[in-house]
Protein chains: 2
Amino acid sequence: MEVKRSQKKKIILEAAAKLFRDKGYSATSMRDLAAEVNLKASSLYNHIGSKEELLIEICFANAERFLNGIKSINETSLSSIEKLKALIALHVEIALEDFTSVTSFNDEWRQLKEPYLTDFLKMRKDYELIFLEIINTAQNQGQIKNIDPQICLYTILSSTRWVYDYKQNSKTDDFKQIKNSILEIVTAGISC
Amino acid sequence: MEVKRSQKKKIILEAAAKLFRDKGYSATSMRDLAAEVNLKASSLYNHIGSKEELLIEICFANAERFLNGIKSINETSLSSIEKLKALIALHVEIALEDFTSVTSFNDEWRQLKEPYLTDFLKMRKDYELIFLEIINTAQNQGQIKNIDPQICLYTILSSTRWVYDYKQNSKTDDFKQIKNSILEIVTAGISC
DNA sequence: TCTTTGCAAACGAACATTCATTCGTATTAT
DNA sequence: ATAATACGAATGAATGTTCGTTTGCAAAGA
């Protein structure tokens, strides 16, 4: 039963992500969260600062993960179309391996209060700008269809949004198959 | 300034959909909603029964719209691939013409309480089963790729989820272009 | 035309409940 | 014994909703 101090906070964070994902941030009470980790609400505050802190950590951890991912992909010498494929793969991989955290990051960042909301949106904007730049280059080199880059971007971004629902309903847990299927559909969708 | 009784409820419903979409159902208070329509919270109850009633009406109105849409498409004599294209077009059209209501329907149905949640999920299940049947037929006839139908389904469903964000950020309001772009990407993605 | 009646709509005040969080104290482990 | 952790009780704020009353307006009666 005994857990190290730092481990306990991680447990709380993961339980929070799960509840935020299932019920939403606002609809999740600290009593709900406490029950999930076999504590009373007041005891949570020995490990965390506030409810909002949990959301902040979830949102920014994932934002940094995506931002670091796209930056390191962009620094490679891959062709534009290869970069795009790597990006789609990145999204699928993150969505598959950490779908709880990513889902609540995707859906609940709106609940961030200032100044965190502004910071978060700035990171998202940075991410999208790099993504758009790659799309633009790929189009100029004739490697993908000439479709409004913004539409192209959003279509790619949303193509992994359902992974959590899939994992809930389906029997198979075959990561590779899911990843390959998405890659196949999206790549065929944007290629010339 | 004067509005007919039945019109007032529609105004409240639309304001509710907008707030639910922007802040989420749980984070939207009846005082927020009242302010949005220039009333006090207590006055709302001359026009509506409860906060939950608003969510119920939004969710089921859209569920029925999609269910009716897919049924009437399925009753036509179109080929399977044509049915799929019509379905994608249906999603894009609804997303474009009523994106406020559809967005809060997409994101906030989780907040429904029983017995409505069960009813809602049943309608969604019905919808998905018809959709999967069409995908299956299309695959058997060799009209689209042989990808796990469930993955195929979710990819199509999520491909219109971003329309609201796009309309917020972009200058153009060219429905036709958006619709054609999505159709082009998704059709190319699933075709053999 | 002027007054009266009726009614929908708006409101302020109040209610019970739930919320996140704090605090003092008890328990536990080192 | 010291420090970390858990807890119950309490707090103030916010929540959805109800209630009694007032307001504004339209139809009916004089």
Side-chain angles (χ1 to χ4, degrees), chain A residues 1-59 104 108-117, chain B residues 1-59 104 108-117:
Chain A
M1 263 307 203
E2 306 81 26
V3 219
K4 291 264 168 64
R5 163 125 176 74
S6 60
Q7 282 181 2
K8 194 78 176 235
K9 172 151 188 186
K10 206 198 285 185
I11 290 175
I12 294 175
L13 257 172
E14 282 170 11
K18 184 178 152 206
L19 288 172
F20 295 171
R21 181 235 302 159
D22 290 337
K23 316 177 47 169
Y25 173 78
S26 295
T28 298
S29 75
M30 295 304 272
R31 291 165 178 82
D32 293 335
L33 176 57
E36 190 80 10
V37 295
N38 295 317
L39 286 180
K40 302 294 173 181
S42 55
S43 309
L44 290 173
Y45 291 85
N46 286 322
H47 305 278
I48 64 163
S50 69
K51 183 186 181 186
E52 201 197 357
E53 179 194 288
L54 293 167
L55 182 64
I56 291 170
E57 296 202 12
I58 291 170
C59 288
S104 75
E108 301 302 323
W109 60 263
R110 288 165 223 274
Q111 308 298 335
L112 286 172
K113 296 210 187 84
E114 297 296 354
Y116 302 100
L117 182 59
Chain B
M1 263 304 205
E2 304 84 23
V3 220
K4 289 264 167 63
R5 163 125 175 74
S6 60
Q7 283 181 359
K8 194 78 179 233
K9 172 152 188 185
K10 207 198 286 187
I11 290 175
I12 295 176
L13 257 171
E14 281 170 11
K18 184 177 153 205
L19 288 172
F20 294 170
R21 182 240 296 160
D22 289 339
K23 317 178 46 170
Y25 173 79
S26 295
T28 299
S29 76
M30 295 303 275
R31 289 164 178 84
D32 292 336
L33 176 57
E36 190 78 12
V37 294
N38 295 318
L39 287 179
K40 302 295 172 180
S42 56
S43 308
L44 290 173
Y45 291 85
N46 286 322
H47 305 278
I48 64 164
S50 68
K51 183 187 181 186
E52 202 197 357
E53 179 194 288
L54 294 167
L55 182 64
I56 291 170
E57 297 201 13
I58 291 171
C59 288
S104 75
E108 301 302 324
W109 60 264
R110 289 166 221 273
Q111 308 298 334
L112 286 172
K113 296 210 187 86
E114 297 295 356
Y116 303 101
L117 181 58

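Order of the sequence lines fixes the chain letters, A, B, ..., with proteins taken first and strands second; residue numbering starts at 1 for each chain. Here the structure is a predicted model, which means the values were calculated and not measured.
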(request) Working to the nearest 0.5 Å, report the span between CG of B/Asn38 and OG of B/Ser43. (result) 11.0 Å
(message) Of the listed nucleotides (C/dC19, C/dA10, D/dC7), which one gets closest to any side-chain atom of A/Ser29?
(response) C/dC19
(request) Quick one: closest heavy-atom pair of B/Leu44 and B/Met30, and the distance? (result) CD1-O, 3.4 Å
(request) Scan A/Thr28 against the nucleic acid and name what it touches under 4.0 Å (heavy atoms): base, sugar-phosphate only, or nothing. (result) sugar-phosphate
(request) Choose from C/dA20, D/dT15, C/dA9 the nucleotide whose nearest atom is closest to any side-chain atom of A/Lys51. (result) C/dA20
(message) Just the rounded figure in Å: distance from C1' of C/dT25 to OH of A/Tyr45.
(response) 19 Å
(request) Could you please name the option among C/dC19, D/dT17, D/dA9 that lies closest to any side-chain atom of A/Ser42? (result) D/dA9
(message) Nearest whole Å is fine: how far is C/dA9 C1' from B/Leu44 CG?
(response) 12 Å
(request) To the nearest Å, give me how far apart NZ (B/Lys8) and P (D/dG24) are. (result) 14 Å
(request) Specify the separation, in whole Å, of atom CD1 of B/Ile48 and atom P of C/dA8. (result) 18 Å
(message) What is the distance, to the nearest angstrom, from the CD atom on A/Gln7 to the P atom on D/dA4?
(response) 17 Å
(message) Is there a side-chain contact between A/His47 and the phosphate of D/dA6, meaning an N or O under 4.0 Å from OP1 or OP2?
(response) yes
(message) Taking the nucleotide of DNA chain D with the nearest heavy atom to each, does A/Lys40 or B/Met30 sit closer to the 5' end?
(response) A/Lys40
(request) Considering non-hydrogen atoms only, spot the tightest contact between B/Ala41 and B/Arg31 and give its length. (result) CB-CG, 3.9 Å
(message) Restricting to non-hydrogen atoms, name the atom on B/Glu53 and the atom on B/Lys9 that form the minimum distance, rounded to 0.1 Å.
(response) OE2-NZ, 3.0 Å
(message) Output the rounded distance in Å from CZ (B/Arg31) to C1' (C/dA10).
(response) 15 Å
(request) Specify the closest pair of heavy atoms between B/Arg110 and A/Asp22, including all atoms of both residues, with the distance to one decimal. (result) CD-O, 3.8 Å
(message) For C/dA9 and B/Ser43 - does any side-chain N or O of the residue sit under 4.0 Å from the phosphate oxygens OP1/OP2?
(response) no
(request) Grab the NZ-C1' distance between A/Lys9 and D/dA4 for me, whole Å please. (result) 16 Å
(message) Whole angstroms only, please: what is the CD-C1' distance between A/Glu53 and C/dT21?
(response) 13 Å
(request) Please determine, for the side chain of B/Asn46, which listed nucleotide (C/dA10, D/dT17, D/dC7) has the closest atom? (result) C/dA10
